[in-house]
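Predicted, not measured: the structure shown is a model, and the values here were computed from it.
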Amino acid sequence: MSSNPLAPAWLRVPVEPNALDASVWSRTAGRDESGGIVIGGVSARDLASRHGTPLYVVDEADARGRAAEAVESFRREFGRIGTTVSVYYAAKAFLSVEVARWVSAAGMRIDICTGGEFAVARAAGVEAARMGFHGNNKSLGEIDRTVGEGIGVIVLDNADEVARVADAADRHGVVQAVRLRVNSGVHASTHEYLATAREDQKFGVPLADAAEVVAAVRDRSSLRFLGLHSHIGSQIFGSDGFAEAASRLLAVHADLLRDGDVPELNLGGGFGIAYTSADDSRPIAELAAALADIVDEECRRLGIPVPVMAVEPGRSIIGPSGTTLYEVGTIKDVLVTSDDGASQAVRRYVSVDGGMSDNARTALYGADYSVSIANRASSADPVLVRVAGKHCESGDLVVLADYLPGDVAPGDLVGVPATGAYCWSLASNYNHVGRPPVVAVVDGQSRVIVRGETEADLLARDAGLS
């Protein structure tokens with residue numbers, strides 16, 4: 001079958017429409033004898049019947065395994081060049097009490113950005129000393145609370161935070177460890193909204209200003225400077241950006257060593273995952289080896305000791321572990337004329353019972369996803385589809401382009417893989433739709449780890465009823 005001319009250039013017509021691409025789906029996903037998708041030993045049909053749709057499904061074994069692999073890989077590779085490493089889980093990707101426990105059990109620390117994330121991690125039993133606190137505008141209350149409870153490290157994002165954190169440390173009679181986030185100027189090859197090291201954006205201080213801010217930190221006896229921090233962006237597949245960022249950071253790191261101790265360097269995270277068959281994500285072990293080689297080479301060139309390292313994977317831990325299940329509602333074929341008017345082709349809109357309230361990424365920055373029928377197998381020829389949500393926005397799209405069997409029908413279940421990161425985290429109540437539950441599956445069992453919202457939950461916050 002030839003491809004639809006409306007399909008993007010990277011999208012190929014599937015040879016086997018029922019196959020699940022192992023690079024995109026979680027590790028325990030497959031199909032049972034009847035052709036339905038099974039994750040963690042639980043069928044999509046049973047999950048939808050028990051928990052309803054839309055439904056976030058997290059493959060617990062997959063998530064735990066990726067967390068353990070990240071810790072082991074980075075420890076091994078940085079140990080090879082004579083140093084140690086702290087591996088932080090970037091909680092902004094997705095955080096719940098259960099997930100915090102999983103990643104902590106694997107040996108990860110937790111990187112939080114708000115008081116709310118701090119509260120969830122603490123509720124999970126994570127010690128404050130095993131957390132790092134990010135953010136470009138931490139409130140005075142958040143700073144005071146985290147310092148008072150013994151936060152492991154605070155990442156200063158600007159010069160104003162030097163006094164804010166120092167004053168809190170003085171009040172609590174402690175010496176607070178801090179890092180300084182710098183803007184390396186390295187432009188990661190990603191969407192503009194995901195690139196966080198560009199000069200014209202809110203995060204970090206310019207490298208040229210780092211020495212001045214570090215001097216201010218060292219002037220405060222209640223602060224201990226650990227080192228520089230960088231985050232060049234998200235959904236990054238190659239190591240070239242990290243190599244350039246490390247080179248620039250280590251040059252400043254070497255200069256800072258002349259006036260005092262600089263024991264650490266944090267290279268951040270942003271490691272990419274596969275959302276479609278066209279994405280070429282690298283195994284975490286390869287990334288760890290590449291980063292270790294980069295740091296080792298630069299330190300040798302500069303003639304400085306290799307610092308203690310830190311990294312912050314988030315998406316690469318939880319993203320591939322998640323799948324969202326939807327029920328198909330209406331289906332509509334739309335005849336689309338090419339821009340030059342020379343040809344026409346049909347795009348099939350498959351509408352589902354969720355949308356931008358449970359996955360804002362597609363509408364926010366055109367993220368690509370894959371989709372498969374989840375309740376059955378099919379021998380029908382594939383057709384190009386666009387999976388749309390139920391919300392009152394023309395941009396309410398979940399999957400921009402993929403192929404589904406041509407007999408996809410109302411009542412079918414579809415699964416969208418790789419939705420573990422930045423879907424629940426960005427979820428909303430747009431159109432007064434409750435956020436879906438999150439269910440963990442493992443060893444043939446499912447359990448709710450985040451309860452879904454009901455209409456009663458939505459009305460409970462409406463003060464007009466009080």
Side-chain angles (χ1 to χ4, degrees), residues 4 6-8 10-11 24 44 48 51-57 92-94 190-194 234-235 275-276 279 315 319 322-337 339 345-375 383-404 408-438 450 452-455 457-458 461:
N4 188 310
L6 298 176
W10 57 264
L11 182 61
V24 177
H51 304 286
T53 57
L55 182 67
Y56 296 115
V57 181
K92 61 186 178 181
F94 171 65
T190 186
H191 190 280
E192 180 180 358
Y193 292 170
L194 303 180
S234 296
Q235 192 57 2
Y275 288 100
T276 73
D279 292 329
R315 182 196 312 264
T323 299
T324 307
L325 295 179
Y326 301 97
E327 183 176 317
V328 175
T330 61
I331 295 176
K332 177 169 60 177
D333 286 346
V334 176
L335 187 63
V336 180
T337 303
D339 291 339
V346 172
R347 191 195 314 276
R348 179 165 296 180
Y349 279 81
V350 176
S351 293
V352 296
D353 54 353
M356 64 192 301
S357 62
D358 59 75
N359 186 347
R361 294 186 68 250
T362 309
L364 189 60
Y365 37 72
D368 288 310
Y369 283 94
S370 306
V371 64
S372 293
I373 288 184
N375 57 307
V383 298
L384 181 72
V385 301
R386 176 165 282 178
V387 179
K390 64 182 292 180
H391 300 285
C392 292
E393 298 284 344
S394 59
D396 175 28
L397 303 172
V398 178
V399 180
L400 295 173
D402 201 358
Y403 285 94
L404 281 177
V408 60
D412 274 330
L413 296 176
V414 294
V416 178
T419 56
Y422 302 106
C423 289
W424 186 92
S425 297
L426 290 169
S428 73
N429 293 131
Y430 183 45
N431 288 152
H432 276 72
V433 172
R435 286 171 290 189
V438 184
V450 180
E453 290 177 321
T454 64
E455 289 180 359
D457 291 323
L458 301 180
R461 298 178 58 230

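Taking all atoms of both residues into account, the shortest heavy-atom contact from Y369 to R361 is OH-NH1, 2.7 Å. Listed here is the closest heavy atom pair of V350 and V408: CG2-CG1, 4.3 Å. When all heavy atoms of W10 and A401 are compared, the closest pair comes out as CH2-O, 4.1 Å. Across all non-hydrogen atoms, the minimal contact from A427 to Y56 is CB-OH, 3.9 Å. The shortest non-hydrogen separation linking L325 to G415 is CD2-CA, 4.0 Å.
To the nearest 0.5 angstrom, L413 atom CG is 12.5 Å from S372 atom OG. Note that the CG atom of L11 and the CG atom of D368 stand 9.0 Å from one another [nearest 0.5 Å]. Put simply, CZ on R435 and CG on D358 are 11.5 Å apart, with the number rounded to the nearest 0.5 Å. Considering SG of C392 and CG of N431, their distance stands at 5.0 Å, rounded to 0.5 Å. Taken from CG in L458 to CD in E453, the straight-line distance is 5.5 Å, to the nearest 0.5 Å.
Side chains of T330 and P410 form no contact here, defined as non-hydrogen atoms less than 4.5 Å apart. By the 4.5 Å heavy-atom criterion applied to side chains, T362 and V399 are not counted as neighbours. Under the 4.5 Å side-chain criterion, counting only non-hydrogen atoms from C-beta, V371 is not in contact with Y326. The closest side-chain heavy-atom distance from F94 to V438 is below 4.5 Å. Side chains of D353 and P54 form a contact here, defined as non-hydrogen atoms less than 4.5 Å apart. Between V387 and V416, every side-chain heavy-atom pair lies at or beyond the 4.5 Å cut-off.
Checking side-chain atoms of R386 against main-chain N and O of L400 turns up a donor-acceptor pair under 3.5 Å. The backbone N or O of M356 sits nowhere less than 3.5 Å from a side-chain atom of N359 that would complete a donor-acceptor pair. A donor-acceptor pair under 3.5 Å links the side-chain atoms of D396 to the main chain of H391, judged by distance alone. Under the 3.5 Å distance criterion, the side-chain polar atoms of S370 are matched with a main-chain donor or acceptor of Y275. For the pair T419 (side chain) and T324 (backbone), a donor-acceptor distance under 3.5 Å is present. Formation of a donor-acceptor pair under 3.5 Å by the S425 side chain with backbone atoms of A93 is found in this model. In this structure, D412 contributes its side chain and V328 its backbone to no donor-acceptor pair below 3.5 Å. A donor-acceptor pair under 3.5 Å is absent between the side-chain atoms of N4 and the main chain of R347, judged by distance alone.
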